[in-house]
Amino acid sequence: QVQVVEIGGGLVQAGGSLRLSCAASGRTFSSLTMGWFRQAPGKEREFVAAIICLGGNTYYRDSVKGRFTISRDNAKNMVYLQMNSLKPEDTAVYYCAAATRIYHISRYYSTEKYDYWGQGTQVTVSS
């Protein structure tokens with residue numbers, strides 16, 4: 001079992017920044033690929049970013065490239081999502097997820113590749 005807990009979130013004005021944190025425990029953190037997803041009201045959960053367990057390669061959805069940065073600290077069992085230049089359309093519940101199996105990084109856009117999920121944290125961007 002892996003426990004995943006998101007920390008952070010909140011209300012920010014458009015153009016502002018927020019950093020989400022995620023703590024994962026219960027398994028060797030460095031062996032986990034970690035991802036961030038989000039879900040807006042009435043919409044399906046969508047991929048935001050992923051950072052793989054080996055080498056730390058990252059992968060982003062197009063709409064957040066250049067604005068969001070995913071990173072990890074294996075010593076602290078933490079993954080982060082730095083969100084800059086936030087837009088109202090970034091408003092959603094953000095979820096952190098952990099994947100225990102290895103795929104090509106492009107496969108991690110799918111929720112089906114993740115085994116453990118956090119409870120989610122609300123991010124609201126006002127215009």
Side-chain angles (χ1 to χ4, degrees):
Q1 284 287 346
V2 176
Q3 292 75 44
V4 179
V5 179
E6 300 95 346
I7 306 163
L11 174 64
V12 64
Q13 289 189 332
S17 298
L18 276 177
R19 188 175 85 154
L20 303 182
S21 301
C22 172
S25 60
R27 185 168 174 145
T28 302
F29 182 74
S30 60
S31 71
L32 299 172
T33 289
M34 301 299 296
W36 287 97
F37 287 75
R38 65 187 182 188
Q39 188 167 18
K43 295 187 177 181
E44 292 187 352
R45 192 169 298 189
E46 65 180 20
F47 170 78
V48 176
I51 185 165
I52 66 169
C53 56
L54 301 173
N57 286 354
T58 57
Y59 184 53
Y60 299 91
R61 71 179 298 106
D62 287 344
S63 62
V64 308
K65 285 180 181 177
R67 300 190 298 122
F68 291 11
T69 302
I70 187 171
S71 61
R72 65 191 296 159
D73 186 336
N74 288 338
K76 296 182 178 180
N77 292 0
M78 297 289 291
V79 63
Y80 307 98
L81 185 67
Q82 177 66 44
M83 304 184 292
N84 299 328
S85 302
L86 282 160
K87 304 175 181 180
E89 51 264 43
D90 295 318
T91 295
V93 177
Y94 282 71
Y95 296 89
C96 181
T100 60
R101 288 159 287 182
I102 297 174
Y103 305 97
H104 185 274
I105 193 168
S106 65
R107 302 289 299 276
Y108 288 109
Y109 77 92
S110 171
T111 59
E112 297 177 352
K113 297 299 184 283
Y114 295 84
D115 305 292
Y116 301 97
W117 293 82
Q119 78 286 354
T121 186
Q122 178 70 45
V123 172
T124 302
V125 185
S126 63
S127 58

I'd like to know if the side chain of T121 and the backbone of G8 have a donor-acceptor N/O pair within less than 3.5 Å. yes

Just how far is it from atom CD of Q82 to atom CG of L20, taken to the nearest 0.5 Å? 9.0 Å

Do the side chain of E6 and the main chain of Q119 share a donor and acceptor less than 3.5 angstrom apart? yes

Around Y116, counting heavy atoms of other residues, nucleotides and ligands shown, do more than 12 lie under 6.0 Å from its OH? yes

Sub-3.5 Å donor-acceptor pair from the side chain of S110 to the main-chain atoms of R107, do we have one? no

Selection residues 45-72 - residue pairs positive for ring pair (Phe, Tyr, Trp, His ring centres under 6.0 Å), sequence neighbours left out: F37-F47, F47-Y59

Less than 4.5 Å apart, any side-chain heavy atom of M83 and any of Y94? yes

Donor-acceptor contact present, side-chain R72 to main-chain I52, <3.5 Å: yes

Sequence neighbours excluded, which residues qualify as salt bridge (Lys or Arg N to Asp or Glu O under 4.0 Å) partners of R67? D90

Any donor-acceptor pair under 3.5 Å linking the side chain of Y108 with the backbone of Y103? yes

Using a 3.5 Å distance criterion without hydrogens, assess whether the side chain of T124 forms a donor-acceptor pair with backbone atoms of T91. no

Over 12 non-hydrogen atoms of neighbours within 6.0 angstrom of CD in E44: no

Please round to the nearest 0.5 Å and tell me the distance separating atom OG1 of T58 and atom CD1 of I105. 6.0 Å

